[in-house]
Amino acid sequence: MIVPLPGAFRLTCYAYRKDYHRHIFRHPLGCLNADRGEGAGRHYTGERNALFQLENFHRYFLYAGIAILPFFYYDFYHSLVFSGSFALRLGSLVLLANALLLTAWTLSCHALRHLVGGNVDCYSCVMGGGLRKSVYDRQSWLNAHHEALAWISLLTIFFADLYLRGVSAGLPLDASVLGA
Ligand code: FES
């Protein structure tokens with residue numbers, strides 16, 4: 001039931017947008033391809049058509065993406081209890097890795113970068129400017145890796161889902177790391 005929200009957040013992510021616009025829709029093309037005359041006849045007219053408008057809702061889907069993150073950590077926490085006692089198992093590590101990568105991808109979002117550092121001409125002139133600048137710098141560092149995080153976290157979410165389905169189907173994939 002909740003898939004449309006994280007699904008929309010992911011589909012409208014700038015990292016994938018670049019790829020599906022260039023390689024699937026072939027519009028707008030990268031500058032070099034456009035210079036070569038590929039896609040001739042289709043002129044870029046800005047972000048005015050319906051698809052672009054929809055993609056611009058990404059900044060709002062970000063809030064849903066952030067709100068969903070704690071549930072992944074709750075799943076990890078929940079997985080630490082096995083047969084009534086504490087246990088660290090392979091499945092818990094898979095859940096934790098998935099949660100951390102999803103967090104890194106979400107926190108490196110371009111829309112979040114604008115949220116924490118946008119609309120400011122002078123950090124020392126606004127309240128909490130030093131703190132805001134330092135959050136912005138850290139987020140910018142993470143943001144530089146956003147495309148890689150987008151693809152890696154997409155793979156880990158599929159892997160974690162398959163892994164959990166395998167375990168729940170009774171396959172012997174879950175091994176004890178610590179405890180029971
Ligand atoms: Fe990729 Fe926001 S731009 S998650």
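Indexing begins at 1, ligand by ligand and atom by atom, following the structure's order.
- Atom numbering of ligand 1 starts at 1 in the shown order; those under 4.0 Å from a heavy atom of Trp105 are 1 (Fe), 4 (S).
- Residues in residues 116-166 take part in these disulfide bond (SG atoms under 2.5 Å apart) pairs, two or more places apart or across chains: Cys122-Cys125.
- The only member of Phe9, Phe72, Trp151 that meets ring pair (Phe, Tyr, Trp, His ring centres under 6.0 Å) when paired with Trp105 is Phe9.
- Ring pair Tyr16/His58: centre-to-centre distance not below 6.0 Å.
- From Leu62, atom CG reaches atom CG of Leu107 across 9.0 Å, with rounding to the nearest 0.5 Å.
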Steps toward side-chain contact (heavy atoms from CB on, under 4.5 Å) verdict (Phe76, Leu80)
CA-CA 7 Å; Phe76 165 66; Leu80 293 175; 4.0 Å; yes
Could you give me the CA-CA distance, side-chain angles and deciding distance for Arg132 and Tyr136, then say whether side-chain contact (heavy atoms from CB on, under 4.5 Å) is met?
CA-CA 6 Å; Arg132 193 165 172 191; Tyr136 176 65; 5.6 Å; no
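- For atom 2 (Fe) of ligand 1, the set of protein N/O/S atoms nearer than 2.8 Å consists of His58 NE2, Cys109 SG, ordered by chain and number.
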